[in-house]
There are 2 protein chains.
Amino acid sequence: MQAHSVNPDDPRVRRTRQLLQDAMMELMRKKSLQSITVQDIARRAAVNRVTFYAHFEDKYDLMDSIVRTGVHAAFTNSAPLEGVPLEDGLRLLCRTVFAFLSEVQDSCEGGHKQFDPLFETAVQQELYAFVLRWLDNLPAAKANTQSVATVISWTIFGAGTDWSRSRESSPKTTVEMAVDEIVNVLLSGLRSLVADKDALAAPAEK
Amino acid sequence: MQAHSVNPDDPRVRRTRQLLQDAMMELMRKKSLQSITVQDIARRAAVNRVTFYAHFEDKYDLMDSIVRTGVHAAFTNSAPLEGVPLEDGLRLLCRTVFAFLSEVQDSCEGGHKQFDPLFETAVQQELYAFVLRWLDNLPAAKANTQSVATVISWTIFGAGTDWSRSRESSPKTTVEMAVDEIVNVLLSGLRSLVADKDALAAPAEK
DNA sequence: TCGCTTGTGTCGCGTAGGCGACAGGTCAGC
DNA sequence: GCTGACCTGTCGCCTACGCGACACAAGCGA
């Protein structure tokens, strides 16, 4: 396990990790995570099997890094939340998470049911970190941002997972309907949770 | 110049050469070969500039390898000439060369006029080598295959270049018309050139 | 004219990757 | 049981690559 002795800024390291991630994503389109071997990944990536272990613990570690990278990219690309009011920000976050989840569902051969435990923690933790950074940078920043971020991240992630699962059986609920409901619930829930009422207002005193 | 001290079978070598070739082809779509620098190529390929010189003399050498690789791939992919009669083989060769030339013309910002000397020798030499292998493997193999291969390769390449140039100004002559004409000229020319008449026949005594 | 900038080609050193080989571990079928 | 086939995780050695640095050359404005 010398996975952390490599320099992440080295172009060779970026290349190798990208190759392994790409190979894994291609394999996930037609095989289950369970049936994919490290040898498969290394062969498809044209990377030596030993090199794999220099970067990742095992295939689950690689999968974890892919999910986190994907979530991170989805947020930083499509959701610039600088100076956005709480309600609009929540709506944007919801749409991004929902889109990400359904994209994974579509490109992963049987959805993400197979690696749920891994998937849940990775997505939720990244979502939590992002929400927390956002809350702390809001003009009306307050004390208990960590608890609020926990509520928001788990609620959005959970609702998104439910929605993307139900999407297969009864695709009648549109994205906007689901998003509206979640945002409303979150806002009313937050009103009773948060002591400082200013936290919910738009950045009025900017 | 340690360009030949590297092992071509090493996966790292394959990767690096591919990255440099891809970067060069992307750059050729919007810039002239003259205005492309080695630094441009290395930067876009995410490869160190020093590494470039471990594989190629300069950008012209890289361009040369790209052309040769492309010609080789075009032949081996779309023209399996095993046991094909001479006339049909010539027709197939013509179509392949014509397609290759117009593809280059379209994807190279101003056609290949800018690097003609390099381009001509590379394409013609690869074409020559391919034709020679083909002729030597024909059942009715004969002595002067080298001269015949010279005639065939130069004729096809020259005609293809003329056609792809005229294609811009007056695109009335179709591929099939041009190919038919060249094949007919070649066949009649070969009849008077070749001593052994059997060489022109289909592989009858198989 | 003198700098200043930008590209070229090369060197030495440190690091990442390829590769053969090894000892387990699992599972199929004889 | 016991093979044989396949996967995993690790080691040591060698090669390819990244990088800072250098000298040199061509263009270009002060």
Side-chain angles (χ1 to χ4, degrees), chain A residues 1-28 30-66 69 109 114-115 118, chain B residues 1-28 30-66 69 109 114-115 118:
Chain A
M1 199 263 274
Q2 72 242 45
H4 302 281
S5 67
V6 296
N7 172 16
D9 293 330
D10 192 313
R12 293 171 290 184
V13 174
R14 294 182 182 280
R15 233 178 290 161
T16 299
R17 298 180 91 102
Q18 190 65 50
L19 285 169
L20 290 171
Q21 291 184 343
D22 291 347
M24 177 61 119
M25 286 191 281
E26 287 172 23
L27 287 170
M28 286 296 285
K30 36 191 168 186
K31 299 178 71 175
S32 73
L33 179 58
Q34 191 64 18
S35 66
I36 296 175
T37 72
V38 174
Q39 287 191 104
D40 289 336
I41 305 167
R43 197 179 309 122
R44 177 171 289 254
V47 161
N48 194 280
R49 192 171 58 84
V50 178
T51 305
F52 177 97
Y53 293 104
H55 295 274
F56 302 102
E57 295 279 336
D58 47 36
K59 60 184 174 186
Y60 303 103
D61 186 26
L62 169 58
M63 204 55 227
D64 185 86
S65 86
I66 291 178
T69 306
E109 162 61 24
Q114 38 172 335
F115 58 104
L118 170 72
Chain B
M1 201 262 274
Q2 73 240 45
H4 301 281
S5 68
V6 296
N7 172 16
D9 292 330
D10 192 313
R12 294 172 289 185
V13 174
R14 293 181 182 280
R15 234 178 293 164
T16 300
R17 298 179 93 101
Q18 190 64 52
L19 286 169
L20 290 171
Q21 290 183 344
D22 291 347
M24 177 60 120
M25 286 192 282
E26 287 172 24
L27 287 170
M28 286 296 285
K30 35 190 167 185
K31 298 178 70 174
S32 73
L33 179 58
Q34 191 64 18
S35 67
I36 296 176
T37 71
V38 173
Q39 288 190 100
D40 289 336
I41 304 167
R43 197 179 307 123
R44 176 170 289 253
V47 162
N48 194 281
R49 192 172 59 86
V50 179
T51 305
F52 177 96
Y53 292 104
H55 296 274
F56 303 102
E57 295 280 335
D58 47 36
K59 60 185 175 185
Y60 303 103
D61 186 27
L62 168 58
M63 204 55 229
D64 185 86
S65 86
I66 291 177
T69 305
E109 162 62 24
Q114 35 171 337
F115 57 104
L118 170 72

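Only this structure's heavy atoms are used, side chains among them; waters, hydrogens and symmetry mates stay out.
- B:Lys31 has a carboxylate O that lies under 4.0 Å from a charged side-chain N of B:Asp40, or vice versa, which qualifies the two as a salt bridge.
- Look at B:Thr16 and you'll find a side-chain N or O under 4.0 angstrom from OP1 or OP2 of D:dC17.
- In this structure, A:Leu62 places its CG atom 16 Å from C1' of D:dG9, rounding to the nearest Å.
- Look at CZ on A:Arg14: it is 13 Å from P on D:dG18, rounded to the nearest Å.
- Using a cutoff of 4.0 Å between basic side-chain nitrogens and carboxylate oxygens, A:Arg15 and A:Asp10 are not scored as salt-bridged.
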Requested in this report: Show your working on side-chain contact (heavy atoms from CB on, under 4.5 Å) between B:Phe56 and B:Asp64 and close with a plain yes or no.
Outcome: CA-CA 10 Å; B:Phe56 303 102; B:Asp64 185 86; over 6 Å; no
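- The CD atom of B:Gln21 sits 4.5 Å away from the OG1 atom of B:Thr69 when rounded to the nearest 0.5 Å.
- Of the candidates C:dA16, C:dT8, C:dC19, the closest approach to any side-chain atom of B:Pro11 belongs to C:dC19.
- A:Ala46 comes within 4.0 angstrom of sugar-phosphate atoms only, judged by non-hydrogen atoms across all strands, and of no base.
- Nucleotides of DNA chain D nearest to A:Asp40 and A:Asp10 differ in position, and the one nearer the 5' end is that of A:Asp40.
- Contact check for B:Arg14 versus B:Asp9: side-chain heavy atoms found under the 4.5 Å cut-off.
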| request: Run the numbers on A:Asp61 and A:His55 for side-chain contact (heavy atoms from CB on, under 4.5 Å), then give the verdict. | output: CA-CA 9 Å; A:Asp61 186 26; A:His55 295 274; over 6 Å; no
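- Between B:Ala54 and B:Val6, the shortest heavy-atom distance links the atoms O-CG1, 4.1 Å.
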Polar atom pairs (N or O), protein with nucleotides 20-27 of chain C, under 3.5 Å:
none

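- Rounded to a whole Å, the CG atom of A:Leu20 is 15 Å from the P atom of C:dA16.
- With hydrogens and angles ignored, a donor-acceptor pair under 3.5 angstrom links the side chain of B:Arg12 to the base of C:dG17.
- Taking atom CD of residue B:Gln18 and atom P of nucleotide D:dC17, one finds them 14 Å apart after rounding to whole Å.
- Per the geometry, OH belonging to A:Tyr53 stands 10 Å off C1' belonging to D:dT10, to the nearest Å.
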For nucleotides 24-28 of chain D, which of its nitrogen or oxygen atoms have a protein nitrogen or oxygen under 3.5 Å away, and what is each distance?
none

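- A close approach under 4.0 Å does not occur between any side-chain nitrogen or oxygen of B:His55 and OP1 or OP2 of D:dA16.
- Which of D:dC17, C:dA16, C:dG7 sits closest to the side chain of B:Thr51 comes down to D:dC17.
- Remark: B:Arg15 is not in phosphate contact with D:dC17, judged by side-chain N or O atoms under 4.0 Å from OP1 or OP2.
- Atoms CD (A:Glu57) and P (D:dT8) sit 14 Å apart, rounded to a whole Å.
- Side-chain contact between A:Lys59 and A:Leu27 is absent, with no heavy-atom pair separated by less than 4.5 Å.
- A:Leu20 and A:Ala45 get closest at one heavy-atom pair: CD2-CB, 3.9 Å.
- Protein atom CD of B:Gln39 is 12 Å distant from nucleotide atom C1' of C:dT5, rounded to whole Å.
- Here D:dT8 presents its P atom at 7 Å from NZ of A:Lys59, a figure rounded to the nearest Å.
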List the steps and the verdict of side-chain contact (heavy atoms from CB on, under 4.5 Å) for B:Met24 and B:Leu33. CA-CA 9 Å; B:Met24 177 60 120; B:Leu33 179 58; 3.6 Å; yes
